[in-house]
Structures are given as C-alpha cells and as structure tokens.
Novice: 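This is the structure I have questions about; it appears just below.
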Amino acid sequence: MAGRGKLIAVIGDEDTCTGFLLGGIGELNQNRKPNFLVVEKDTSITEIEETFKSFLARKDIGIILINQFIAEMIRHAIDAHMQSIPAVLEIPSKEHPYDASKDSILRRAKGMFSAEDFR
Amino acid sequence: MGQSELEESSLMLDEKLLRCMEQLELLEEKRAALNSLIEQGWFSMSKARYSMGNKQVSALQYASEIEPLVHVHTRTLDNNEVEFCIERVTQKCNNESGKDVKTVEDIGPQEEGVRRRIKSKNNSTEKEETEKAGSERLLTKTEPSEVVPVIKRDQNPQQDPLKWFGILVPQTLKQAQSSFKQVIELSAEIASLQSAVCTAREDLKLSMKQKCALVEKTSAAQLDKVTD
C-alpha cells in the first residue's frame, strides 16, 4: 500500500461527473489536466476518443469510468484495450440505463461459451 | 492412462467453469448494486438542484484547484489477476498535509494582526519636536515589521467537494455524495471482478485447448490399437 496510488478517471455527462467529483475522485494536475471529461451535446467523438486514449496512456490512472452511451461512440477504442490496468468500467447514465449485452467485458465473457472462441 | 488423464482434465475444466460462473454471478450482483446506487445519487442530486436552483449544482461550481481524496491501489496476483483497492484520504491526514503546504500570503481579510498606522509627518513644524518624541516615532516605524500576520491555516487544498456548492448545502446533496462514495468503493470491486473474469476466460481457453489435444492424442492411440 506504499505510494500515492492511482486515480479514477471519468468520462460522462454533467451529472455523472459532478457525482463522482463529489465523491472525491477529481484531480487537476500540475499541467492543469483534469482526470474527467464532461461530455456535453456539442462534444465531438474525436475529443472523447482522444481523452479516452490519453487516460489509457496515463500511468497514474487505475480505473476509467465511462457512461455506456459514450462508450458506444468509441466502442472500437474500448474493445482494443486489452490490458487490466487501467480497468474500463461502463456505467449507466440518466437517460440510458445499463445494458449488459453492450458491455465489452461481458461480451468477451459471453464469447467464452462459443465454439469460435476456443479455436 | 489416457482415459484417466482425460477425466482429470475434464474435472479441472468443470471446476474452472463453475468458478467463472460464480464470478460472473457476483459481477452481476455488484453491477445491480452499483446501478441502483448511482440512480439514488442522481435522484438526491436532482432534489438538491430543486432546492438550490437549477444552475447551482453543475460543472460551473467545480473548484479551480482539485485534489483527489480517493486513490486506487493495484496489486497483480500470481495468476495475472489484478486487485483494485480504494484508499480514501482521511480528514486527519488533510489537516496534517495542510500544515506542510506553503501558504501564499494574500492581502486582505486573511491577515489577522492589528497594524498600527505610521503617522506621516504632517508639516514642517514637527521638525521642532523634542529628541524624546523622535525616538518614539522611530519605534512606531519599526513596529509594523514586528507584527507577524497570522495567516489562516485552515485553507485546505484538499477540501470537501461539497463546499464547492456552498457552505450550507442541503442534506440531499450530502446524501448524493455518500451514494457516490459507495459507488466508488463498488467500482473498485467490480474492476477486480472484471479482471478475474478475464483471467478465468484465458485460463479456461487454455485448459480447453489442452483437453482437445489430449482427446486427439487418446483417440489416435485407440485407433493405433485397433489397427494393430
């Protein structure tokens, strides 16, 4: 348990980010780079993808929380991430309830029982 | 010999599969708990917004300096499984760290020391004052440097995010905060479980391949026996 530990990053709508920041996960580092992204209506997919990739590249992030509807926009980037750290967790949002069938990890687990997966 | 090996491998495979199923079941349970807690958090936040005003609980209120109060510790186990553990910075630690922080001297209400104003020379007639009075004036001139301004130490950079939204925030906002704190704890557990499921999947895949190879080997041996 020595050391500072890693951070939890969030990519989500305003309420999700506000909630998690209330919980105490927020950080603005020395370069004024936050560990969260508030996705508004006008936030582009490129910006979301770039932020997600920058979070993946950061060594100080242990878990990335992302609203499932946002994860759907950058599904290819999430599916491409195979490392255990940082862990990517898909969470529901106010308008979009959580759907297990869309979750990257559960889809991989589901593939465990298909014949193709064992070849 | 081949048959017993095959049986052993099948049993091991079954065991791994059952363990994986258990993990998936647990993951589903935790997911359901997480979803309901987030929902509860949003509901409390909406109530707070209703009582405080629409724009009073939004991204606009985030502080300009944000320090994390939660850290995640990761530990890789022998089977490449990663365990995530949440550590929350306690308030006591906050106060201790607050003492070490170099305080920036600000002007204004932060300085609590009482300053005596330096009396300026009003006119040239004061030049004729006695030597005693002159020495007194000298003393008063040096006094302000002796007054050490007391700087408030309770300006904590790791302050409670609840204070971004005001000093007297409604109870519902506190409830929202507590819900999200629980969500954070749960998310670490879910991350650990996800990692366990992924490792179990890889392990199961490997065992299945080994079993397939064993089956092929056994059937080839049996065929050889029949041809002999």
Side-chain angles (χ1 to χ4, degrees), chain A residues 1-10 12-29 32 34-36 38 40 60-65 67 82-94 97-98 100 103-106 108-113 117-119, chain B residues 20 24 27-28 31 34-35 38-39 41-42 45-46 57-59 61-74 76 80-82 84-89 160-162 164-165 173 176-177 179-181 183-184 187-188 190-192 194-195 197-201 204-205 208-209 212:
Chain A
M1 286 277 172
R4 189 173 170 251
K6 291 176 189 285
L7 299 169
I8 301 178
V10 201
D13 55 23
E14 195 181 37
D15 276 17
T16 306
C17 287
T18 306
F20 280 102
L21 259 62
L22 258 178
I25 64 157
E27 192 217 42
L28 265 174
N29 65 12
R32 309 280 308 159
N35 65 338
F36 56 89
V38 180
E40 313 263 3
D60 62 339
I61 289 179
I63 300 174
I64 301 172
L65 301 167
N67 278 148
M82 302 298 274
Q83 270 85 42
S84 306
I85 303 170
V88 181
L89 251 75
E90 291 176 31
I91 53 172
S93 58
K94 260 177 144 177
Y98 176 75
D103 194 301
S104 281
I105 299 288
L106 289 177
R108 275 178 216 167
K110 202 177 164 188
M112 204 156 64
F113 308 104
D117 205 52
F118 293 114
R119 277 175 196 164
Chain B
C20 187
L24 278 170
L27 183 64
E28 208 187 318
R31 273 275 180 199
L34 180 121
N35 293 349
I38 290 186
E39 219 169 86
W42 285 326
M45 209 191 289
S46 298
V57 187
S58 69
Q61 274 76 40
Y62 297 171
S64 54
E65 298 287 329
I66 309 175
E67 286 284 321
L69 301 175
V70 177
H71 292 289
V72 192
H73 290 277
T74 53
T76 311
N80 286 331
E81 214 177 290
V82 181
F84 294 86
C85 185
I86 291 284
E87 187 199 20
R88 193 163 276 279
V89 178
D160 189 355
L162 210 60
W164 302 344
F165 302 94
L173 200 63
Q177 187 185 38
S179 296
F180 277 100
K181 276 181 180 173
V183 169
I184 292 164
S187 62
I190 289 175
S192 303
Q194 277 191 178
S195 166
V197 166
C198 287
T199 315
R201 174 180 173 262
L204 209 63
K205 240 167 121 174
M208 195 68 169
K209 272 180 187 163
C212 284

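A note on names: the letters A, B, ... follow the listed sequences, proteins ahead of strands, and every chain is numbered from 1.
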Novice: Tell me the closest heavy-atom pair linking B/A63 and A/L28, and the distance in Å.
Specialist: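 Shortest heavy-atom separation between B/A63 and A/L28 comes out as O-CD1, 4.3 Å.
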Novice: Looking at B/E65 and A/R32, is there a salt bridge between them, counting it only when a charged N and a carboxylate O are closer than 4.0 Å?
Specialist: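 Looking at B/E65 together with A/R32, the answer is yes, because their closest N to O distance falls below 4.0 Å.
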Novice: Using every non-hydrogen atom in the two residues, find where A/I63 and B/S187 come nearest and quote the distance to one decimal.
Specialist: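 Shortest heavy-atom separation between A/I63 and B/S187 comes out as CD1-O, 4.3 Å.
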Novice: Look at atom CD of B/E39 and say whether more than 12 heavy atoms of other residues, nucleotides or ligands are closer to it than 6.0 Å.
Specialist: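 Counting neighbours around CD of B/E39, 12 or fewer heavy atoms of other residues, nucleotides or ligands fall under 6.0 Å, so no.
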Novice: Using the side-chain contact (heavy atoms from CB on, under 4.5 Å) criterion, which residues pair with B/S46? Sequence neighbours excluded.
Specialist: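 By the side-chain contact (heavy atoms from CB on, under 4.5 Å) rule, B/S46 matches A/K94.
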Novice: Taking C-beta and beyond as the side chain, do A/L7 and B/V72 meet within less than 4.5 Å on heavy atoms?
Specialist: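 Of all side-chain heavy-atom pairs linking B/V72 with A/L7, none is under 4.5 Å.
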Novice: Which heavy atom in B/Q194 sits nearest to a heavy atom in A/V88, and how many Å separate them?
Specialist: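 Taking every non-hydrogen atom into account, NE2-O, 3.2 Å.
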Novice: Could you tell me whether a side-chain N or O of A/E14 sits under 3.5 Å from a main-chain N or O of B/A59, the two making a donor and an acceptor?
Specialist: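 Pair found, side chain donor or acceptor close to backbone of B/A59.
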Novice: Quick check on B/L34 against chain A: is it the side chain, the backbone, both or neither that has a heavy atom closer than 4.5 Å?
Specialist: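 Only the side chain of B/L34 comes within 4.5 Å of chain A.
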Novice: If you measure from CG on A/L21 to CZ on B/F180, what distance do you get to the nearest 0.5 Å?
Specialist: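 CZ of B/F180 is found 10.5 Å from CG of A/L21.
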Novice: Taking side chain as everything from C-beta outward and backbone as N, CA, C, O, which of these in B/T74 sits under 4.5 Å from a heavy atom of chain A? Side chain, backbone, both or neither.
Specialist: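 For B/T74, the contact with chain A is made by the side chain alone.
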Novice: Any side-chain to backbone donor/acceptor pair from B/E67 onto A/G26? Under 3.5 Å, distance only.
Specialist: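 The answer is no, because no donor-acceptor pair under 3.5 Å joins these two groups.
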